[in-house]
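Quick caveat, the model's predicted, so the values are computed rather than measured. Below, all heavy atoms of this structure are taken into account, side chains as well, without hydrogens, waters or symmetry copies. Throughout, residue positions are numbered sequentially from 1 according to the sequence presented.
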Amino acid sequence: MLFYKYIINFICLFIPAKNRRKRRSELLLLPYIFGKNLKSRTGYKKFSSHKVTQKSILIVEPNPYHFEILPGFCKYFQDLGYNVDVIAQPDLKEDSPFIHYPHLPTVFYLSPKYQKKALSQSKIRDYDFVFLSTSVLWADNIRDSYINWLGFEPKGKYGFFMVEHNVIPYVKDYGHEKYVNQNRIFTLASQYSIPMFNPHYFGEINIKNKSPKTVFSTIIKEKQNIKLLLETCTKLVKNGYNNFEIIVTGRTSITEIPDDLQSFIKFTGKTTFTELWKVYRSSDFIIPMLNPEIAGHQRYRDGTITGSWQTMLGFAKPLVIHSQFSETYRLNVSNAIIFNENSELSTALQTCINMKNDAYLKLQENIKFLSDQIYKESLENLKFGINTNSSAQQ
């Protein structure tokens, strides 16, 4: 692989500078794509010989990410009495989000190339619907609408559904408005009056008592949030708080922690769903680090939803969130810890650390109530989409 990298670097010397970086990235990805295609051959053979049972749904996740939403989507369809099959990229085989899921679907591990071949088969008509859990393919040197990339609409008995994770600008840019009008598109939180279909089930979760040492989990990717996190921790320590721990999950842009904070901030690094679910189960609070001072975060108030919301709903863990984002996620003082300025984050964390167990359990109960509400709304929206499109085909 190192030799291949040297060859690509040499070849790219002859490519104009303005295109060099993009072309280099594309070429370096080719062995990865080739490897996934090799792994997919077995899965494709299994899918080709698979007998589709009556009243079945085929869920397709085009990308090598978003796997965490698949259990939630499976549950809705299974609760309506459907058999569920899943097509997902080969990475899912090595790291599955279904580790606590009670009724496992049949999963076929296919790269985009083999996904297209599978969806071209006539047997797709044996499924009531094909459900695209993400409307785009943004991976493997492709950035397009999944349907546009396929070159055809998946032909389930009654058609297909899709979930748009970034309403603005992609519904318009990719020409998906017609699917909104056909009641075939869902969003994660009813953005722009497009029906909500929110996946937040990861397995059965029990409300638990607050830990003696308060545990927060968070994701840190932006430099501004590194500074905010370190300043917040420093304030807590200076104010005499030492009974807390912040776990930074996944890959992070943090490269160095001051000596006096190292006992308070831990890292998981790149992690598996098994490890990540353990972190969420053991955490008391989640800090989504949605920051109004970061321009790119404004989309989380509008057409895009943070995954921390699904985590909160599924694991019943209160968010510590800036007030500018709270309304989007149906959060208030009864189910979250809300602060108004970044400088108040340390005070919000002090509130969490000082919180008595009874108050903490009440927060969790209110989150469970919200979670159940969102489940019921989502299920009704799905029923409406199914009934509308089934009737139109009959």
Side-chain angles (χ1 to χ4, degrees), residues 25-26 29-30 32-44 46-48 50 56-74 76-77 84-98 105-121 123-124 127 129-156 159-167 169-171 173-176 178-180 184-188 194 197-199 273 303-305 307 310 385:
S25 297
E26 292 173 348
L29 201 58
L30 290 180
Y32 169 70
I33 296 171
F34 179 75
K36 284 201 299 185
N37 287 335
L38 281 179
K39 292 179 183 177
S40 298
R41 291 178 180 177
T42 300
Y44 181 71
K46 289 181 179 178
F47 181 80
S48 298
H50 176 66
S56 286
I57 297 291
L58 178 62
I59 295 179
V60 181
E61 175 47 58
N63 301 284
Y65 50 86
H66 277 170
F67 289 160
E68 72 280 359
I69 64 180
L70 295 182
F73 284 137
C74 283
Y76 285 110
F77 286 110
V84 177
D85 295 334
V86 173
I87 288 178
Q89 289 222 27
D91 295 9
L92 180 60
K93 191 172 185 178
E94 301 165 6
D95 184 21
S96 172
F98 288 98
T106 302
V107 183
F108 302 95
Y109 305 102
L110 304 178
S111 64
K113 173 184 175 180
Y114 283 93
Q115 288 183 14
K116 181 183 285 191
K117 291 180 69 172
L119 291 172
S120 300
Q121 293 187 18
K123 71 186 298 178
I124 296 301
Y127 289 100
F129 290 94
V130 175
F131 177 80
L132 308 179
S133 54
T134 306
S135 66
V136 300
L137 174 55
W138 286 1
D140 300 355
N141 293 329
I142 301 161
R143 189 178 177 92
D144 200 353
S145 157
Y146 188 58
I147 287 180
N148 293 347
W149 174 79
L150 287 174
F152 60 86
E153 297 174 354
K155 293 180 173 57
F160 68 94
F161 295 115
M162 67 169 69
V163 179
E164 180 52 72
H165 295 255
N166 300 280
V167 178
Y170 297 110
V171 167
D173 285 0
Y174 290 144
H176 289 173
K178 60 185 176 183
Y179 301 131
V180 176
R184 294 192 183 278
I185 287 192
F186 299 100
T187 59
L188 298 183
I194 301 174
F197 190 29
N198 185 281
F273 284 112
T304 302
I305 294 299
Q310 269 78 252

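In this structure, F273 has its ring center no closer than 6.0 Å to that of F67.
Every side-chain contact (heavy atoms from CB on, under 4.5 Å) that V180 has, sequence neighbours left out, goes to V171, I185, I194. Listed by chain and residue number, nothing satisfies the side-chain hydrogen bond (donor to acceptor under 3.5 Å, both in side chains) test with T106 (two or more places apart in sequence, or in another chain). D85 meets the salt bridge (Lys or Arg N to Asp or Glu O under 4.0 Å) test with no other residue; sequence neighbours excluded. Residues passing the salt bridge (Lys or Arg N to Asp or Glu O under 4.0 Å) test with K39, sequence neighbours excluded: E94. With sequence neighbours excluded, no residue forms a side-chain hydrogen bond (donor to acceptor under 3.5 Å, both in side chains) with S96. With sequence neighbours excluded, the residues forming a ring pair (Phe, Tyr, Trp, His ring centres under 6.0 Å) with Y170 are W138, Y174, listed by chain and number. Residues forming a ring pair (Phe, Tyr, Trp, His ring centres under 6.0 Å) with Y44 (at least two apart in sequence, or on another chain): Y114. Remark: Y76 pairs with F197, Y375 by the ring pair (Phe, Tyr, Trp, His ring centres under 6.0 Å) rule, at least two apart or across chains. With sequence neighbours left out, E61 forms a side-chain hydrogen bond (donor to acceptor under 3.5 Å, both in side chains) with N63, S133, T134. F47 meets the ring pair (Phe, Tyr, Trp, His ring centres under 6.0 Å) test with F108; sequence neighbours excluded. Remark: N141 engages E26, L29, L30, I33 in a side-chain contact (heavy atoms from CB on, under 4.5 Å) (not counting sequence neighbours). Scored by the side-chain hydrogen bond (donor to acceptor under 3.5 Å, both in side chains) test, E68 finds no partners at all (sequence neighbours excluded).
Atoms CG and CG, on D173 and N166 in that order, are 11.0 Å from each other to the nearest 0.5 Å. Interatomic distance, OG of S48 versus NZ of K123, reported as 6.5 Å (0.5 Å rounding). Residue S120 holds its OG atom at 7.5 Å from CG of L150, rounded to the nearest 0.5 Å. Note that the CD atom of E153 and the CD1 atom of I147 stand 5.5 Å from one another [nearest 0.5 Å]. In this structure, F131 CZ and L58 CG are separated by 11.0 Å, a value rounded to the nearest 0.5 Å. In this structure, the separation between CZ on F160 and CZ on F152 is 11.0 Å, given to the nearest 0.5 Å.
Taking the side chain as every heavy atom from C-beta outward, I69 and L188 never approach each other to under 4.5 Å. Taking the side chain as every heavy atom from C-beta outward, F98 and C74 approach each other to under 4.5 Å. For the pair L137/Q115, no side-chain contact is recorded, criterion being any heavy-atom separation below 4.5 Å from C-beta on. Here the side chains of D91 and K36 are in contact, with some heavy-atom distance below 4.5 Å. Residues Q310 and I305 are in side-chain contact: their nearest non-hydrogen atoms beyond the backbone lie under 4.5 Å apart.
Side chain of R184 to backbone of Y179: no donor-acceptor contact under 3.5 angstrom is found. Side-chain N or O atoms of K116 include one that pairs as donor or acceptor with a backbone N or O of W149 at under 3.5 Å. Judged by distance alone, the side chain of S40 and the main-chain N or O of S111 form a donor-acceptor pair under 3.5 Å.
Minimum interatomic distance between Y32 and P64 (heavy atoms only, all atoms of both residues): OH-CB, 4.1 Å. Closest approach of F73 and P199 over heavy atoms only: CZ-CG, 3.5 Å. Contact record, P62 with Q89: O-NE2, 2.8 Å, taken as the closest heavy-atom pair. Counting all heavy atoms, side chain and backbone alike, L110 lies closest to G43 at CD2-C, 3.5 Å.
In F34, the CZ atom is not crowded: 12 or fewer heavy atoms of neighbouring residues, nucleotides or ligands sit closer than 6.0 Å.
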